[in-house]
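Below is one structure, written out as structure tokens, with a few remarks after it.
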There are 2 protein chains.
Amino acid sequence: MRLRDYLPYRLSVASNKASGLIARAYQARFGLTIWEWRVIAVLGEGAPRTAQGVCEATAMDKVTVSRAIRALDARGLVRRSARDDDRRASDVRLTAEGEAIYAEVAPLALRYEAALLDGFTPQERAQLSALLDKLEARLAGLSPAGRSA
Amino acid sequence: MRLRDYLPYRLSVASNKASGLIARAYQARFGLTIWEWRVIAVLGEGAPRTAQGVCEATAMDKVTVSRAIRALDARGLVRRSARDDDRRASDVRLTAEGEAIYAEVAPLALRYEAALLDGFTPQERAQLSALLDKLEARLAGLSPAGRSA
DNA sequence: GCAGAATAGTATCATTTGCAACTAATTTCA
DNA sequence: TGAAATTAGTTGCAAATGATACTATTCTGC
């Protein structure tokens, strides 16, 4: 058993390094945590979402989502509007200011991804993506009930 | 920008799911945290290591290592012995009881890895490993100074 | 149409984490 | 030699995190 060859360990190291790198950039330039950024990223797709919808789209748990949305709301980057078909839930969407942040952060994020994949051939990129798909499928089968953070 | 296709996000989700799955098993059966397990895993290779050496081998920061070693020491799974060539540092090694735990946990860990990779062909396993190598190399180049957790 | 179960989201509290400061020992090099 | 800088490891404290419990609302099915 060699830790440095152990797949879950390697995933963890790679993921933490990548996330840490990018998180520092979000934090330094926009004062956003990774979770706030994830919320912005899914809302940036256009459609409003409930907190629950954000949970599903971001693989964050509901407490984390609740806090991220509250922080974004406090900064005026998102706006919540009660739904009349279900008054427990609210639709969350980006404000104009939130859109502006999204428009700046998204390209930055993509540049980081491009930097990570710099030197990967198109074949390698496709392989990596396919292998991650496969891994995700395995994990979905093995996990008790898909939480993550 | 689609979050669900974003590489750092995908790595994070896969890593957290895999780690969480395995962490639950360590915790439930042996009362070990992931960090304690990592320390045991590297010490299980045989050679004693200083805390610093453990840091390098596990990609953990020194505070985390210090705490993990202390907890393992308190449980009698590792033993520390002052070095006389440098009295700031101690060599840490597994006790007999630590070895016994290692002998039980390591196969369990490998079974989990095998479960993750169930359905992967040998080619796919090799590809995954090679792609992670490549990613790690990129990350080493991009990261300010390789910390992680 | 109503009692009980389920769900959206929030609040509480204990634990974990990480940074920065600290002690003690060692190295550097003038 | 010996003062300044560096390193090993620990500690303290503030912030992040997560499990659990809670409120309010909606669904179920009898």
Side-chain angles (χ1 to χ4, degrees), chain A residues 12 15-17 19-21 23-24 26-28 31-39 48-74 78-92 143-149, chain B residues 12 15-17 19-21 23-24 26-28 31-39 48-74 78-92 143-149:
Chain A
S12 169
S15 164
N16 287 332
K17 265 192 193 146
S19 291
L21 183 67
R24 267 187 296 281
Y26 299 155
Q27 184 63 58
L32 293 174
T33 67
I34 271 203
W35 293 277
E36 289 160 13
W37 154 244
R38 282 194 190 173
V39 171
R49 291 183 191 261
T50 63
Q52 175 56 27
V54 171
C55 288
E56 284 155 16
T58 60
M60 291 157 63
D61 83 53
K62 64 182 187 168
V63 176
T64 310
V65 167
S66 174
R67 293 200 262 238
I69 289 174
R70 177 168 37 175
L72 292 171
D73 194 7
V78 304
R79 158 170 66 88
R80 283 184 272 198
S81 51
R83 297 178 62 114
D84 35 303
D85 67 329
D86 185 343
R87 282 176 309 167
R88 292 169 304 181
S90 307
D91 279 327
V92 184
S143 297
R147 159 196 0 86
S148 92
Chain B
S12 169
S15 165
N16 287 332
K17 266 193 192 145
S19 292
L21 183 66
R24 266 187 295 280
Y26 300 154
Q27 183 63 59
L32 295 173
T33 67
I34 271 203
W35 293 277
E36 289 160 11
W37 154 245
R38 281 194 191 172
V39 172
R49 291 182 190 262
T50 62
Q52 176 55 29
V54 172
C55 287
E56 284 155 15
T58 60
M60 290 157 63
D61 82 52
K62 64 181 186 168
V63 176
T64 310
V65 167
S66 173
R67 294 200 263 237
I69 289 175
R70 176 166 38 176
L72 293 170
D73 193 7
V78 304
R79 158 170 66 89
R80 283 184 272 198
S81 51
R83 297 178 61 113
D84 36 302
D85 67 328
D86 185 343
R87 283 177 310 170
R88 291 169 304 179
S90 307
D91 280 327
V92 184
S143 297
R147 160 196 0 86
S148 94

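Every chain is numbered from 1, with letters handed out A, B, ... down the list of sequences. Computation of the quantities below employed the complete heavy-atom set of this structure, encompassing side-chain atoms and omitting hydrogens, waters and symmetry-equivalent molecules.
In this structure, B:Leu72 atom CG and D:dG9 atom C1' are separated by 16 Å, rounded to whole Å. Atom CD of B:Gln52 and atom C1' of D:dT6 are 12 Å apart (whole Å). Rounding to whole angstrom units, CG of residue A:Asn16 and P of D:dT17 are separated by 12 Å. If you measure from atom NZ of B:Lys62 to atom C1' of C:dA20, you get 10 Å, rounded to the nearest angstrom. Taking atom CG of A:Asp61 as the reference point, atom C1' of D:dT17 lies 9 Å away to the nearest angstrom. The distance from atom CG of B:Asp84 to atom P of D:dA8 is 17 Å, rounded to the nearest whole Å. Between B:Trp35 atom CH2 and C:dT17 atom C1' the separation is 8 Å, expressed in whole Å. Between A:Arg67 atom CZ and C:dA11 atom P there is a gap of 11 Å when expressed in whole angstrom units.
Checking the phosphate oxygens (OP1, OP2) of D:dT10, no side-chain nitrogen or oxygen of B:Arg88 falls inside 4.0 Å. The shortest distance between the side-chain N/O atoms of A:Arg83 and the OP1/OP2 oxygens of C:dG9 is not below 4.0 Å. Remark: B:Ser66 is not in phosphate contact with D:dG9, judged by side-chain N or O atoms under 4.0 Å from OP1 or OP2. OP1 or OP2 of D:dT26 sits under 4.0 Å from a side-chain N or O of A:Arg87.
For B:Arg80 and D:dG9, a side-chain-to-base donor-acceptor distance below 3.5 Å is absent, hydrogens and geometry of angles not being considered. Side-chain N/O atoms of B:Arg70 and base N/O atoms of D:dG9 include no donor-acceptor pair closer than 3.5 Å.
The listed nucleotides are D:dA19, D:dT25, C:dG9; the one nearest the side chain of A:Asp86 is D:dT25. The listed nucleotides are D:dG9, D:dT11, C:dG9; the one nearest the side chain of A:Ala51 is C:dG9.
Nearest heavy atom pair, residue A:Val63 against residue A:Asp61, reads N-OD1, 2.7 Å. Smallest separation of non-hydrogen atoms from A:Ala51 and A:Val65: O-CG1, 3.7 Å.
Within the 4.5 Å cutoff, the side chain of A:Glu36 has no heavy atoms near those of the A:Gln27 side chain. Side-chain contact between A:Thr50 and A:Val92 is absent, with no heavy atoms from C-beta onward closer than 4.5 Å.
Each of B:Arg67, B:Met60, B:Lys62 was checked for a side-chain contact (heavy atoms from CB on, under 4.5 Å) with B:Thr64, and the lone residue meeting it is B:Met60.
Distance check, rounded to the nearest 0.5 Å: CZ of A:Arg49 to SG of A:Cys55 gives 11.0 Å. Separating the CG atom in A:Asn16 from the CG atom in B:Asn16 is a distance of 7.5 Å, to the nearest 0.5 Å.
B:Ser12 and A:Arg38 share a donor-acceptor pair across their side chains, judged by distance under 3.5 Å alone.
Among the heavy atoms of the strands, none lies under 4.0 Å from B:Thr33.
In terms of position on DNA chain D, the residue among A:Asp85 and A:Val63 whose nearest nucleotide sits closer to the 5' end is A:Val63.
The end-to-end axis angle of the helix from C:dG1-D:dC30 to C:dA30-D:dT1, rounded to 10 degrees and based on five pairs per end, is 30°.
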